[in-house]
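For reference, the structure discussed in these notes is given below.
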Amino acid sequence: MTRRLRNITITVEESVARWARIEAARKDTSVSRLLAGILRGQMVQNDGYEQAMRRALSRKSIMKSDSRYLSREEVHDRDRLR
């Protein structure tokens, strides 16, 4: 399987560019690969969060029969739980 790579151009402050060059050198890679890895990690993290949120919101609530989530006030209503 071949990956299709795309070039992008970014503009950053000089201090950010300096940090990126130093960090890439520390990791023995290019700035391009360093940034691609950072962006890929952010994408995976966001996708995982979105999937988890969709799964959580698709579940039926266990405390109410009308299948809606409890409000904050209902959750903390101690008298109702006794």
Side-chain angles (χ1 to χ4, degrees):
M1 180 173 125
T2 60
R3 294 182 306 176
R4 185 171 179 196
L5 302 178
R6 298 291 308 238
N7 287 328
I8 61 171
T9 302
I10 63 169
T11 303
V12 296
E13 297 172 356
E14 180 57 39
S15 61
V16 175
R18 187 178 319 110
W19 176 87
R21 287 190 297 271
I22 292 169
E23 192 65 19
R26 283 185 186 147
K27 295 182 178 195
D28 195 29
T29 190
S30 66
V31 171
S32 180
R33 287 193 182 197
L34 174 72
L35 293 176
I38 291 169
L39 291 172
R40 188 179 310 106
Q42 188 67 40
M43 179 185 71
V44 168
Q45 181 180 355
N46 287 350
D47 288 350
Y49 177 83
E50 294 284 332
Q51 290 172 4
M53 184 174 64
R54 279 194 295 276
R55 280 193 311 270
L57 294 175
S58 70
R59 294 181 183 141
K60 292 186 178 190
S61 64
I62 59 173
M63 295 292 286
K64 298 288 274 181
S65 61
D66 61 3
S67 296
R68 69 176 179 83
Y69 285 100
L70 297 174
S71 69
R72 184 178 190 282
E73 291 75 23
E74 290 171 318
V75 168
H76 295 285
D77 183 8
R78 302 287 185 219
D79 292 334
R80 214 178 120 227
L81 297 175
R82 295 180 190 170

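Nothing here was measured: the structure is a model prediction, and the numbers come from that model.
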Exercise: identify the closest heavy-atom pair between A24 and L34 = N-CD2, 3.9 Å

Determine, using the 4.5 Å side-chain heavy-atom cutoff (strictly less than), whether V31 and I22 are members of one ILVMFWY cluster.
-> no

Output all residues satisfying salt bridge (Lys or Arg N to Asp or Glu O under 4.0 Å) with E14, sequence neighbours left out; order by chain, then residue number.
-> R21

Look up atom CG in L35 and atom OG1 in T29, then write down how far apart they are to the nearest 0.5 Å.
-> 10.0 Å

Would you give me the side-chain donor-acceptor pairs under 3.5 Å for residues 48-58, sequence neighbours excluded?
residue, atom, partner, partner atom, Å
S58, OG, R54, O, 3.3
S58, OG, R55, O, 2.8

What pairs of residues pass the salt bridge (Lys or Arg N to Asp or Glu O under 4.0 Å) test when at least one of them lies in residues 27-44, not counting sequence neighbours?
-> E23-K27

List in chain and number order the residues that pass side-chain contact (heavy atoms from CB on, under 4.5 Å) with S71, two or more places apart in sequence or in another chain; answer none if no residue qualifies.
-> E73, E74

Which residues share a side chain to side chain donor-acceptor pair (under 3.5 Å) with N46, sequence neighbours left out = Q42

Which residues pass the side-chain contact (heavy atoms from CB on, under 4.5 Å) test with L39, sequence neighbours left out?
-> none

Under the side-chain contact (heavy atoms from CB on, under 4.5 Å) test, which residues partner I8, sequence neighbours left out?
-> I10

